[in-house]
Amino acid sequence: MSDDPATSGSGLAAERVRRLAQVDALRAGGTEPYPYRFDRTHTVAEVRSAWGEMAAGAETDDEVRVAGRIVLVRDTGKLVFATILDCGAELQLFISKAVVGDEAFAVVKALDRGDWVGVHGTVMTTRAGELSVKVRELTLLAKSIRPLPDKWHGLTDVDTRFRQRYADLVVNADARRAFEVRHAVIASFRATFAARDYVEVETPLLHLEAGGAHARPFETHHNSLDMQLYLRIAIELHLKRLIVGGMDRVFEIGRVFRNEGISTRHNPEFTMMESYEAYADYEDVMVLTEDLVRHAASDALGTTVVEVAGETIDLAEPWPRRSMVELASEGIGETIHPSRSVDELRRIAEAHDVRCESSWGPGRLVEELFEATTEKSLIRPTFVTGHPKETSPLARADRNDPLVTERFELYANGREIANGYSELNDPVEQRRRFEEEQAAKDAGEVERGTIDEDYLRALEYGMPPTGGLGIGVDRLVMLLAGVESIREIILFPTLRPEVW
RNA sequence: GCCCCUCUAGCUCAAUGGUUAGAGCAGCGGGCUUUUAACCCGUUGGUUCAGGGUUCGAAUCCCUGGGGGGGCACCA
């Protein structure tokens with residue numbers, strides 16, 4: 001075998017050949033390298049919490065059966081120390097030749113970093129105080145035939161980290177932590193809603209009309225119906241149909257898809273949380289948003305204090321509410337309001353190097369001026385309220401200013417995190433707004449909306465006053481996990497196909 | 001779509017245009033019964049992303065293509 005060039009080297013190919021030969025040898029010797037199951041009595045985390053406080057050099061008679069992946073081996077000859085990783089927690093195995101016997105010890109010596117094992121033994125601490133299991137019996141649970149990344153440096157090549165997320169998660173604790181935050185945030189949302197008697201629902205991802213947001217959809221096709229369908233760009237319109245139906249507090253957490261550019265803040269598929277509550281308006285929804293985010297922070301991080309762009313921020317402190325026209329006016333230095341003429345606003349935009357297109361009306365220009373002057377500076381969580389009617393076709397007009405809406409967006413770290421409003425429930429007014437959307441779309445603004453007749457029919461049955469909310473879960477998780485790229489908190493971000 | 005940066009062993013990284021592209025880890029062989037990235041001795045391993053060009057000579061310079069990153073544009 002040593003003459004075989006494939007096994008004499010130590011490149012990846014040779015390494016796989018060597019380990020596959022080991023698999024064959026184990027089977028030939030009557031040991032199954034991929035057994036079906038293993039009985040464990042404790043997770044590693046449970047062992048750590050139950051025995052974590054023992055003094056150095058302690059021996060117990062407490063028997064445990066634990067399992068995990070070997071991520072580190074220190075072989076001192078007749079005594080082997082191996083570190084196993086079990087669901088993010090590490091534990092040392094203390095494997096003595098005198099305890100396990102010569103035959104079993106030979107098996108231990110043949111183990112590779114990356115192999116999955118289950119062991120039976122007693123809990124102890126070493127002289128140095130390291131909590132360990134003194135192994136009496138060891139079972140190989142799955143042979144690894146591909147070497148893990150560097151034990152010290154881990155995996156740093158971002159391409160490989162995202163493509164081989166499985167390897168990233170094994171060797172990079174930071175990567176694991178970011179996803180723990182993500183999943184704790186989502187669990188926290190569910191708990192907050194459950195406590196408020198909301199019902200979690202599931203609505204279609206395949207839409208006939210891609211409505212509820214301004215974005216370009218992914219198109220797909222149903223074969224047997226021979227029908228064009230779109231992947232949803234928002235959840236909104238279906239959830240409000242449920243409000244019409246009398247489900248007066250609903251939420252959904254799910255994927256939405258937008259066929260647009262990819263960046264550190266954008267992935268083509270991302271997770272949206274939307275909720276709707278009958279009898280509430282946008283002020284109630286802002287309160288709900290604060291509660292959701294604060295609970296998410298304390299559930300995911302154990303604190304409401306986070307570092308954002310170098311600033312220490314306590315999310316438990318009240319978040320300022322500022323109107324968009326006020327912020328845009330401050331940013332520009334004169335009064336900016338959708339009541340001003342298109343020509344005036346366009347001149348102002350041009351004077352401030354803000355891009356503008358001929359099709360945009362005063363409302364869109366106001367919003368662009370706000371974004372250009374103010375958006376990036378909103379580091380601390382801030383509710384920006386009163387978006388122009390023109391850019392908010394599903395939001396109800398402000399009770400005091402008919403040109404803007406009762407809408408807010410939550411900004412933090414210069415990014416939009418959430419969006420909510422007093423929902424427009426007047427079917428006649430909604431039809432007018434849809435017609436404006438359709439007209440703009442027909443005039444070439446591809447991301448504008450269409451007339452959703454079924455939604456209008458639902459509104460005609462009558463929708464109670466309703467407050468709605470959408471939270472970009474990925475953006476919020478980025479904020480709480482303190483990462484600058486959305487790819488750090490999406491397990492499998494969209495990438496170009498790998499070349500094999 | 002545009003601009004800039006980047007790609008070297010399984011992993012992490014070196015290498016003025018100049019011998020046969022090196023090192024640590026991992027692997028392999030040997031030693032070691034309390035290690036902590038264990039340690040000590042020895043050792044294998046390369047389509048330098050791909051293709052083309054310039055040159056006496058290319059990992060290095062140029063061109064084309066590919067992957068990735070960042071920015072812009074797009075994107076409530």
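Chain letters run A, B, ... following the sequence lines, proteins first and then strands; every chain starts at 1.
Pairing for B:A58 is absent, judged as Watson-Crick or G-U wobble with the two contacts each under 3.5 Å. Pairing of B:G42, defined by two Watson-Crick or G-U wobble distances under 3.5 Å, is identified with B:C28.
Picking from B:U34, B:C11, B:G68 the nucleotide with the shortest atom distance to the side chain of A:L155 gives B:C11. Picking from B:U33, B:C75, B:G70 the nucleotide with the shortest atom distance to the side chain of A:S485 gives B:G70. Residue A:R18 places its side chain closer to B:C28 than to any other of B:A26, B:C28, B:G71. Here the side chain of A:E130 is nearest to one of B:G27, B:U35, B:G68, namely B:U35.
The backbone N or O of A:L231 lies less than 3.5 Å from no partner atom in the side chain of A:E219, so there is not a single donor-acceptor pair. Looking only at distances, no side-chain donor or acceptor of A:R396 sits under 3.5 Å from a matching main-chain atom of A:E406. Remark: side-chain polar atoms of A:E390 are paired, donor with acceptor, to backbone N or O of A:G363 under 3.5 angstrom. Using modelled atom types, no side-chain atom of A:N413 and backbone atom of A:V308 make a donor-acceptor pair closer than 3.5 Å.
A:R407 and A:N419 share a donor-acceptor pair across their side chains, judged by distance under 3.5 Å alone.
Judged by closest nucleotide on RNA chain B, A:D157 is the one of A:D157 and A:R127 placed further toward the 5' end. With RNA chain B read from its 5' end, the first of the two nearest nucleotides for A:E409 and A:T494 is the one closest to A:T494.
B:U44 sits 12 Å from B:G24 when the P atoms are compared, rounded to a whole Å.
Remark: A:K109 is not in phosphate contact with B:C32, judged by side-chain N or O atoms under 4.0 Å from OP1 or OP2. Between A:R258 and B:C75 there is no side-chain polar atom (N or O) within less than 4.0 angstrom of OP1 or OP2. Between A:K151 and B:A26 there is a side-chain polar atom (N or O) within less than 4.0 angstrom of OP1 or OP2. Contact check, A:T156 against B:C13: a side-chain N or O comes under 4.0 Å of OP1 or OP2. At B:G66, none of the side-chain N or O atoms of A:R496 fall inside 4.0 Å of OP1 or OP2 (strictly under the cut-off). An OP1 or OP2 oxygen of B:C7 is reached within less than 4.0 angstrom by no side-chain nitrogen or oxygen of A:T160.
Among the protein residues, A:A98 comes within range of the nucleic acid bases, having at least one heavy atom under 4.0 Å from a base atom. Nucleic acid contact for A:A215: sugar-phosphate only, since backbone atoms but no base atoms lie under 4.0 Å from a heavy atom of the residue. A:G212 comes within 4.0 angstrom of a nucleotide base, judged by non-hydrogen atoms across all strands. Within 4.0 Å of A:E416, counting heavy atoms only, lie sugar-phosphate atoms of the nucleic acid but no base atom. As judged by a 4.0 angstrom heavy-atom cut-off over every strand, A:P393 is placed among the base-contacting residues. Residue contacts for A:R407: at a heavy-atom cut-off of 4.0 Å it reaches a base atom on one of the strands shown. At the heavy-atom level, A:S132 lies nowhere under 4.0 Å from the strands shown. Backbone-only engagement by A:R487 is indicated by non-hydrogen atom pairs under 4.0 Å involving sugar-phosphate atoms exclusively. Heavy atoms of A:G154 sit under 4.0 angstrom from primed sugar atoms or phosphate atoms, though from no base atom.
Distance CD1 (A:I84) to P (B:U36): 20 Å, rounded to an integer number of Å. Put simply, CD on A:E371 is 10 Å from C1' on B:C75, counting in whole angstrom units. Rounded to whole Å, atom P of B:C75 lies 16 Å from atom CG of A:N419. In this structure, A:L495 places its CG atom 12 Å from C1' of B:G69, rounding to the nearest Å. The distance between atom CZ of A:R16 and atom C1' of B:A26, rounded to the nearest whole Å, is 16 Å.
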#### Entry: Check against side chain to side chain contact (heavy atoms under 4.5 Å, CB included), A:E274 and A:F251
CA-CA 5 Å; A:E274 290 195 30; A:F251 77 99; over 6 Å; no
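Applying the ring-ring contact (aromatic ring centres under 6.0 Å, His included) test to every pair with at least one member in residues 82-108 of chain A, sequence neighbours left out, gives these pairs: A:F81-A:F94.
The base of B:U35 sits within donor-acceptor range of the side chain of A:Q92, with an N or O pair under 3.5 Å. Counting atom types as modelled, A:D150 pairs a side-chain N or O with a base atom of B:G24 as donor and acceptor under 3.5 Å.
Taking the six-membered ring where the residue is Trp, A:H207 and A:H238 present tilted rings, their angle falling between 30° and 60°.
Every residue meeting the ring pair (Phe, Tyr, Trp, His ring centres under 6.0 Å) condition with A:W319, not counting sequence neighbours, appears here in chain and number order: A:F383.
Heavy-atom distances under 4.0 Å link RNA chain B to A:L72, A:V73, A:R74, A:D75, A:T76, A:G77, A:K78 of residues 66-78 of chain A, given in residue order.
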